[in-house]
Amino acid sequence: MSSSPAAEAARRRTFAIISHPDAGKTTLTENLLLAGGAIRAAGAVRARGQTRRTQSDWMKIERERGISVSASVMTFDHDGLMFNLLDTPGHEDFSEDTYRTLTAADAAIMVLDAAKGIEPQTLKLFEVCRLRDIPIITFINKMDREAQDPFELLDEVSSKLALDPAPLFWPAGSGGRFKGMLDLRNDKFIPYAKKSSTDDEGHPDPIAFKGNAVVQYLDPEEKAELEDNAMLVTEAGKPFDVQSFLEGHMTPVFFGSALRHFGVSQLLAGIGAYAPPPKPMPASKNGAETHVAPGDSEVSGFVFKVQANMDPNHRDRIAFLRLTSGRFTRGMKLKAQNTGKAMSVNAPIMFFASDRELAEDAFAGDVIGIPNHGVLRVGDSLSESGTLRFAGLPNFAPEILRRVRVKDPLKAKHLKKALEGLAEEGVTQLFRPMIGSDFIVGAVGQLQFEVMADRLANEYQLEVIFEASPYAEARWLGGDRADVEDFVNKHKSAMGQDIDEAPVFLGKSSWEIGYVAERYPKVRFERTKERA
């Protein structure tokens with residue numbers, strides 16, 4: 001391939017899908033892969049039997065429950081562009097994994113259930129996008145079921161998210177009355193055909209809305225209603241402006257039904273047309289602030305996720321590296337900024353739906369998997385020179401703390417290794433109290449403990465018990481070294497260390513943390529810590 005790094009980066013569209021659980025995110029992911037030609041059949045999430053399973057959910061617990069609890073990456077080439085789709089966990093107990101994945105995305109698709117509108121988890125994820133200035137495309141899903149009035153949905157986007165919604169299509173009815181949608185930019189009607197989700201036949205081709213053929217799909221009343229609504233939304237709303245979208249003030253709105261593969265091709269075309277290619281990333285080089293442009297010759301990137309045992313046959317451990325500049329080629333040596341150690345990347349992986357193959361080359365915007373055994377961790381910056389460092393990814397203070405022990409005492413050593421591996425992945429956080437031999441595991445929600453127990457049993461053959469912990473809150477300590485050391489020495493019974501051996505204060509309640517913080521004003525009790 002002779003294209004320059006800048007030209008190749010301009011072809012990339014790297015985007016994440018965010019939604020509340022059950023809004024249809026996994027189904028939309030499947031159907032985008034189908035529309036992009038990456039897979040031949042969308043695996044129904046709740047299909048019977050083992051033959052049709054979602055391509056993006058590979059973990060046993062995901063397949064059993066029909067939910068995504070781990071971010072995954074899927075790459076596909078379509079219409080002259082290279083799409084990198086980052087599927088994020090929808091469940092709120094995995095919001096930290098989602099946050100880290102969004103650091104690798106240049107745009108986000110926000111999926112809304114047409115009947116429910118904006119739900120609490122959607123709101124949380126949107127705030128994360130806003131923190132990172134990620135432009136958002138809205139897909140209102142499940143139009144083939146009874147839905148809220150589309151004008152009310154747009155009002156909700158406008159009032160709750162402070163975003164100007166700009167519909168590019170307008171639906172004709174919903175539920176049993178759903179007939180299709182009008183393309184507001186070229187007056188074409190896109191008919192919806194009722195059929196089963198296993199029917200792979202397409203919907204009828206778009207037709208001229210003002211032509212005679214539309215009577216096959218809309219009766220005169222339906223046509224008049226659609227015409228009136230389209231005129232109202234066009235005149236009352238702001239027209240779609242790409243610049244306003246890229247700056248995070250406006251969201252283009254698409255409608256459809258992911259399960260029935262309706263509106264998905266239009267969404268994919270919209271992502272290709274409007275989602276931004278990779279942009280320059282802030283970084284520090286030898287301690288000085290700089291920006292790394294996608295077309296720069298030096299290869300660089302950062303690890304936003306580590307996943308162990310994706311392939312149970314090989315006990316593998318893969319670091320997901322988002323490339324930020326240059327042209328990466330297989331066999332290249334990259335250095336980690338924090339250790340300065342060079343590693344030859346001889347078997348980099350590109351993820352194509354549920355398949356993976358060796359990546360011969362990759363460019364800014366691409367995500368490659370680097371097999372490694374504990375060398376790379378979340379937040380690591382890699383480059384050819386080893387001098388570049390991208391802003392670290394945050395760890396958030398866990399909301400639930402549990403003591404963990406293994407049923408078989410002879411396997412205590414194995415437990416330590418397994419817990420450290422999962423903590424490095426960011427599945428949970430691990431604290432080792434300074435006094436005593438217990439491990440304290442921290443998580444955002446209960447489901448994380450269930451996933452952890454499931455993985456410890458399946459991947460490490462360890463049966464564990466989670467017990468109530470004497471601690472309720474964890475805070476990282478900041479401030480002058482002498483002040484922190486003085487505090488640690490006086491509170492050894494309540495002190496622990498995280499996986500980086502950073503000091504952590506383990507409080508019995510939030511009241512206790514507030515009380516101690518008042519008594520030690522020179523010490524900072526922090527809810528977040530940068531991983532690097």
Side-chain angles (χ1 to χ4, degrees), residues 28 31-32 35 79 107 109-112 114 117-118 135-144 147-159 161 163-175 177-193 202-258 260-275:
L28 178 62
N31 280 286
L32 280 169
D79 209 15
I109 312 301
M110 177 169 67
V111 185
L112 301 182
I118 293 167
I136 289 174
I137 295 170
T138 301
F139 182 72
I140 296 179
N141 191 23
K142 304 188 183 181
M143 288 305 298
D144 55 327
Q148 285 185 46
D149 179 85
F151 285 102
E152 286 177 14
L153 289 166
L154 295 189
D155 279 347
E156 205 177 354
V157 169
S158 177
S159 61
L161 306 182
L163 270 181
D164 292 327
L168 303 182
F169 297 84
W170 198 255
S174 71
R177 288 181 62 244
F178 186 54
K179 297 295 176 68
M181 59 189 182
L182 175 62
D183 185 334
L184 297 172
R185 292 160 301 171
N186 60 23
D187 253 8
K188 286 271 173 73
F189 182 71
I190 302 154
Y192 168 77
H203 295 270
D205 290 331
I207 52 171
F209 183 54
K210 300 266 170 33
N212 296 329
V214 83
V215 297
Q216 299 173 63
Y217 305 107
L218 298 172
D219 63 35
E221 266 181 37
E222 289 169 330
K223 183 172 186 277
E225 184 187 353
L226 181 55
E227 207 160 12
D228 288 348
N229 286 341
M231 193 186 297
L232 185 60
V233 77
T234 308
E235 288 176 2
K238 291 183 181 176
F240 178 57
D241 175 65
V242 176
Q243 196 52 39
S244 184
F245 157 67
L246 293 175
E247 289 169 1
H249 308 308
M250 179 173 274
T251 177
V253 181
F254 294 79
F255 292 86
S257 164
R260 309 294 175 200
H261 199 69
F262 184 76
V264 178
S265 300
Q266 288 76 13
L267 174 64
L268 185 59
I271 297 165
Y274 307 125

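As the structure is a computational prediction, the values presented were derived from the model and not from experiment. Nothing fancy with the numbering, it's 1 onward along the sequence.
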(message) Treating Thr251 as the side-chain partner and Thr138 as the backbone partner, does any N or O pair qualify as donor plus acceptor under 3.5 Å?
(response) yes
(message) Side chains of Met110 and Leu161, heavy atoms from C-beta outward: is any pair under 4.5 Å?
(response) yes
(request) Measure the shortest side-chain to side-chain distance between Phe189 and Met181 over non-hydrogen atoms and say whether it is less than 4.5 angstrom. (result) no
(request) Supply the atom-to-atom distance Leu154 CG to Ser159 OG, rounded to the nearest 0.5 angstrom. (result) 10.5 Å
(request) On the 0 to 90° scale, with breaks at 30° and 60°, tag the Tyr192-Phe178 ring pair as parallel, tilted or perpendicular. (result) tilted
(message) Using every non-hydrogen atom in the two residues, find where Val264 and Ala258 come nearest and quote the distance to one decimal.
(response) CG2-CA, 4.1 Å
(request) Please say whether more than 12 non-hydrogen atoms of neighbouring residues, nucleotides or ligands are located less than 6.0 Å from CG in Asn186. (result) yes
(message) How about CD on Glu221, more than 12 heavy atoms from neighbouring residues, nucleotides or ligands closer than 6.0 Å, or not?
(response) no
(message) Give me the atom names and distance for the closest heavy-atom approach of Ala172 to Leu218.
(response) CB-CD2, 4.1 Å
(message) Less than 4.5 Å apart, side chain to side chain, heavy atoms only: is that true for His203 and Ile190?
(response) no
(request) Apply the side-chain contact (heavy atoms from CB on, under 4.5 Å) test between Pro165 and each candidate in Asp155, Val253, Val233, Leu153; give the one that qualifies. (result) Val253
(request) Please determine if Glu225 and Arg177 form a salt bridge, counting it only when a charged side-chain N lies under 4.0 Å from a carboxylate O. (result) yes
(request) For Ile109 and Phe254, run side chain to side chain contact (heavy atoms under 4.5 Å, CB included): C-alpha distance rounded to whole Å, both residues' side-chain angles, the deciding distance at 0.1 Å, then the answer. (result) CA-CA 10 Å; Ile109 312 301; Phe254 294 79; over 6 Å; no
(request) Identify the two heavy atoms, one from Pro252 and one from Phe245, that lie closest to each other, and give their separation to 0.1 Å. (result) CD-CD1, 3.5 Å
(message) Please evaluate residues Phe240 and Leu168 with respect to the criterion side chain to side chain contact (heavy atoms under 4.5 Å, CB included), reporting the C-alpha separation (whole Å), side-chain torsions for both, the decisive distance (0.1 Å), and the verdict.
(response) CA-CA 8 Å; Phe240 178 57; Leu168 303 182; 3.8 Å; yes
(message) Would you compute the distance between atom OG1 of Thr234 and atom CG of Asn229 and round it to the nearest 0.5 angstrom?
(response) 10.0 Å
(message) Please give me the minimum heavy-atom distance between Ala114 and Met143, naming the atom from each residue.
(response) CB-SD, 3.6 Å
(message) Within the 4.5 Å heavy-atom criterion, are Tyr274 and Pro135 side-chain neighbours or not?
(response) no
(request) Please say whether the positively charged group of Lys223, taken as NZ for Lys or CZ for Arg, lies over the ring of Phe209, i.e. under 6.0 angstrom from the six-membered ring centre and within 45 degrees of the axis. (result) yes
(message) Quick check: closest heavy atoms across Trp170 and Ala230, and the distance to 0.1 Å?
(response) CD1-N, 4.4 Å
(request) Report yes or no: does Glu222 contribute a side-chain atom to a donor-acceptor pair with the main-chain N or O of Asp219 at less than 3.5 Å? (result) yes
(request) Side-chain contact test, heavy atoms from C-beta onward, threshold under 4.5 Å: evaluate it for Phe139 versus Leu28 and give yes or no. (result) yes
(request) Taking all heavy atoms of Pro191 and all of Pro206, pick out the closest pair and write down the distance. (result) CD-CA, 4.2 Å
